[in-house]
Amino acid sequence: MSELLLNLNSVQKAAVLHREGPLVIFAGAGSGKTRIITTRIAYLINHGVLPWEILAVTFTNKAAEEMRSRAEALVPEAKRSLITTFHSACARWLREFASELGFDNHFSIYDDQDSSRALKQVLKELHPKGDLPTLVAEMRGFLSYIKTAGIFPHEAEQFALDYPQMVPTGGVTVYRLYQEYLAQCNAMDFGDLLLNLLLLLRQNQRVREILSQRYQYIMVDEFQDTNRTQFEIIHHLANRHRNLVVVGDDDQSIYSWRGATPSNIIDFDQTYPDAKRIALEQNYRCTGNIVGAASKLVAYNTKRAPKTLFTEAAAGDAIEVHLEVDGEMEAYWIAERIQSERRTFGFDDIAIFYRTNSQSRSLEEALRRFKIPYTIYGSLEFYERLEIKDMVAYLRLIANESDEISFLRVINVPTRGLGDKAIEQVQQFARQQGIGLMEAVRRLVQAGTPKIGPKLKYFHDLLAALKDDIRSSPLQEAVKILLEALEYPDYLKKKFPDQYTDKIDNIQELAAGMSEYAKRNPEAHLEDWLQAVSLVREDTETASIGGVSLMTLHMAKGLEFRRVYIAGLEDGLLPHKNSMDDPSSLEEERRLLYVGITRAKEKLSLTCARRRRTYNTEMVNPPSRFLREVPQEFIEFTLKAKELFEPQAPSSLHARYVYEDDEEATLEAGAKVYHPTYGPGIIEGFDDHFGQRKAIVRFRDFGYRKIRPSQLHAGSSSGRSP
DNA sequence: GCTATCTAATTTTTT
DNA sequence: ATTAGATAGC
């Protein structure tokens, strides 16, 4: 008996030992699913499977990294298996076969910001007078949806006929033009990495043969979050050997708004009728109370595969529920609590989760006041910072001169007299001649175009020199060469005098990361590094600081902490107000809380605030409806919460809170009101204005106003004429 | 063409 | 409050 299998329960063992054919594993939270995948990889390798015949895909770099290192710890050969994210696997295959699609294998990868800019270029030409920001926003949503659904431009027409409500006016044309523009730029957005690979697999028999032959054993983690495109890719890859194991938990599906279809896992056996099915329902992570609360909560969902998570662990501490007067006090309470428990839970053991990023500010302030170290995950992305984007854009343009989005970004950075007018002239010339922007620059320089000719020549020569210089130097020098050639520090100092040091530090960090990368991958070229930074976003600086972890509930998936706080359990925040009216969105909000709760190994606190300032207005939200769905037996109310919650009568929670006094009884948030001067509006919240209570009303025609409730009539029109 | 000022928009966002 | 992006004025 292999020692790998020690300490596995019989169900886990069955999952690991599964050899041929499709298998779907429903793995509840904390049931050891990463362990199963890694152990299975090790087991396969120990039993004659070649490491490079194994493919394991996940969604996040973090998860992939974890999986890779754990598998390697079991068998060192696992480092030759392909254990990575969907996007980076696809990017790798696309580089291999780019030419089959008419792409150069130095193609750029566009992040959301780049792709918005590309879309803007397309729309600007199509609707010169249109409201660009609105159009871009509308089309972005449509494009990301249609790409995750695996629908190609040539199929979009039919799709628009079948589902007209899903397609904005002109959407089909924009989709086609956008894809053409990206092809012209030799660039792919995140969606294209998947979609273009799917296109290859569908149309190109040679590629399909090679890739489906290559991987004997395929495993996919977090399968509930796959979209249709990903499902179809996996289907093609696994078609030959049919050794496909998918692992997931429909209760943890929290990305349906991004095209994930949990039916991929729930109905897996419709595509694979011979699929075996294993359910892992024993939780090894959390205490009894935490598991109990989470299961009871998620059981309120109507759409889910039936299952019950259980544990043999002791009940442990009760789940703490606390209510505070406002968001600041809530944060203060959490910080104080962390401080008082510091002998039991080290700062690294603790996480605070919240629904929206904007909630992090008050938490940060409170933690700072208590001198508690913390790390915020995923707020200001390192690679989205202006100075980093500038550097990366230059390097991209050097690797791929067709990359027009990078071209447009850097042509006047640092400022060199090539503003909107000049760019317009270059673009128009390019359009006229049917050539790329860089070629247009070359010809305009050659033609000795008046005014902009010399400036363009400077830019062109600079770029050419940079290209030579960087290509002939070791990779780790690239950023340094750029900085000097551009005199970029001077530019930063002039343009951002007070943020200068920060920005230079960031660039230093980029350069350090680059050196590190070059050291680890001695063979790597600029293109490899560019791909890595496009797909991996980690801020090495913040990652090493440690302390209490702050993140959104979405980011928390897949992680675990001994001690967890979830802040802002209020109707309007969790569930979020945009998701409260639609039943299936509401269920997703519930799953979000479920995910948060099940991250806690030992102790959990749920907090909410009566009032909360968001942006500039004060909102009054009732406690989350989800709090009522957690049975009282698992909960301990803090003193403060007790008087307000009345735990013995949970159904009165709302009533007591919202209708606390007569004024709010008739004018609660969300109520339609009518004002004699401003006309119809909706109450968004309340504000205490020097002791006087005012309603924050969003008027149909006059925007937001703070109004004394006595001036408002209930309903959408007044009985009297205004 | 560049800079300063104004305005609108802020759910979540693995890649 | 904050930020990015568009517009108006130098």
Side-chain angles (χ1 to χ4, degrees), chain A residues 57-65 84-91 109-117 120 131-134 136-137 140-141 144 147-148 188-195 221-222 224-227 229-230 252-260 353-359 361-362 377-381 383-384 386 412 414-425 451-452 455 494-495 531-538 551-559 568 572-580 585 588-589 591-593 595-596 613-617 703-704:
Chain A
V57 271
T58 65
F59 280 81
T60 64
N61 290 302
K62 220 178 212 163
E65 187 45 51
T84 186
T85 63
F86 262 105
H87 288 80
S88 97
C90 289
I109 297 173
Y110 282 175
D111 65 19
D112 287 346
Q113 198 191 337
D114 302 322
S115 92
S116 286
R117 288 177 179 209
K120 203 167 90 183
D131 175 12
L132 273 185
T134 317
V136 169
R140 270 205 65 76
S144 93
K147 289 186 178 191
T148 58
M188 303 190 193
D189 65 22
F190 285 140
D192 289 340
L193 291 177
L194 305 173
L195 202 66
D221 192 14
E222 305 281 12
Q224 76 282 352
D225 287 328
T226 50
N227 57 44
T229 304
Q230 288 160 329
Q252 292 184 67
S253 158
I254 55 176
Y255 284 106
S256 73
W257 51 274
R258 248 195 137 159
F353 305 144
Y354 35 80
R355 179 65 235 264
T356 65
N357 275 129
S358 60
Q359 287 168 259
R361 182 161 306 162
S362 50
Y377 288 88
S379 48
L380 267 169
E381 293 293 355
Y383 289 102
E384 278 164 23
L386 166 143
N412 202 26
T415 35
R416 50 175 78 96
L418 292 167
D420 294 346
K421 275 273 148 57
I423 291 171
E424 181 55 41
Q425 203 177 328
K451 260 186 148 174
I452 61 168
K455 296 174 184 167
K494 208 169 118 212
K495 195 156 183 206
Q531 174 172 322
V533 298
S534 306
L535 295 175
V536 179
R537 347 175 105 214
E538 63 170 27
M551 65 189 83
T552 63
L553 285 159
H554 282 88
M555 292 222 68
K557 197 178 64 167
L559 307 178
L573 252 191
L574 184 62
H576 194 273
K577 66 173 187 296
N578 297 2
S579 302
M580 287 196 331
S585 307
E588 183 147 318
E589 296 287 310
R591 289 194 293 271
L592 203 45
L593 179 56
V595 167
R613 213 178 50 241
T614 21
Y615 311 116
N616 220 9
T617 49
Y704 286 92

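All of these numbers come straight from a predicted model, not from anything done at the bench. Chain letters run A, B, ... following the sequence lines, proteins first and then strands; every chain starts at 1.
- Atom-to-atom, NE2 of H554(A) to P of dT11(B) comes out at 13 Å; the value is rounded to the nearest Å.
- Closest of all the heavy-atom pairs between V136(A) and S116(A) is CG1-O, 4.2 Å.
- For R258(A) against dT15(B), a side-chain N or O and a base N or O form a donor-acceptor pair under 3.5 Å.
- Between the side chain of T229(A) and the backbone N or O of T148(A), at least one donor-acceptor pair lies under 3.5 Å.
- The side chain of N412(A) contributes no N or O atom lying less than 4.0 Å from OP1 or OP2 of dG1(B).
- The interatomic distance linking D112(A) (CG) with dT12(B) (P) rounds to 13 Å, in whole Å.
- As a whole-Å value, the separation of L553(A) CG from dT13(B) C1' is 14 Å.
- In this structure, K494(A) does not reach the dC2(B) phosphate: none of its side-chain N or O atoms is under 4.0 Å from OP1 or OP2.
- Between F86(A) and F59(A), the angle of the ring planes lies from 30° to 60°, which puts this pair in the tilted group.
- Nucleic acid contact for A422(A): sugar-phosphate only, since backbone atoms but no base atoms lie under 4.0 Å from a heavy atom of the residue.
- Heavy-atom distances to DNA chain B give each of G419(A) and S579(A) a nearest nucleotide, and the one nearer the 5′ end belongs to G419(A).
- Closest to the side chain of R361(A), from the set dT15(B), dT11(B), dT2(C), is dT2(C).
- Comparing dT11(B), dT15(B), dA6(C) by their nearest atom to the side chain of T356(A) picks out dT11(B).
- The distance from atom CG of L592(A) to atom P of dT11(B) is 15 Å, rounded to the nearest whole Å.
- Looking at the side chain of W257(A), the nearest of the listed nucleotides dC2(B), dT11(B), dT13(B) is dT13(B).
- Rounded to whole angstrom, the span from the NZ atom of K421(A) across to the C1' atom of dG1(B) amounts to 9 Å.
- Y110(A) approaches S115(A) most closely through the heavy-atom pair CB-N, 4.2 Å.
- Distances from the side chain of T552(A) to the nucleotides dT12(B), dT15(B), dT14(B) place dT12(B) closest.
- Mapped onto DNA chain B by nearest heavy atom, L193(A) and D420(A) fall at different nucleotides, with D420(A) at the one closer to the 5' end.
- Nearest nucleotide to the side chain of K120(A), out of dT11(B), dT14(B), dA6(C): dA6(C).
- We find that the ring of Y255(A) and the base of dT12(B) do not stack by the test of centres under 5.5 angstrom and planes tilted less than 30°.
- Atom CZ of R416(A) and atom P of dC2(B) are 11 Å apart (whole Å).
- With salt bridges taken as basic N to acidic carboxylate O contacts below 4.0 Å, one links R591(A) and E588(A).
- Closest to the side chain of M555(A), from the set dT11(B), dT14(B), dC2(B), is dT14(B).
- Few gaps surround CZ on R140(A); more than 12 heavy atoms of other groups in view lie less than 6.0 Å from it.
- Proximity of N357(A) to the phosphate of dT10(B): no side-chain N or O atom is located under 4.0 Å from OP1 or OP2.
- By the 5.5 Å and 30° criteria, H576(A) is stacked with the base of dT11(B).
- Separating the NZ atom of K495(A) from the P atom of dC2(B) is a distance of 10 Å, rounded to the nearest angstrom.
- Between F86(A) atom CZ and dT13(B) atom C1' there is a gap of 17 Å when expressed in whole angstrom units.
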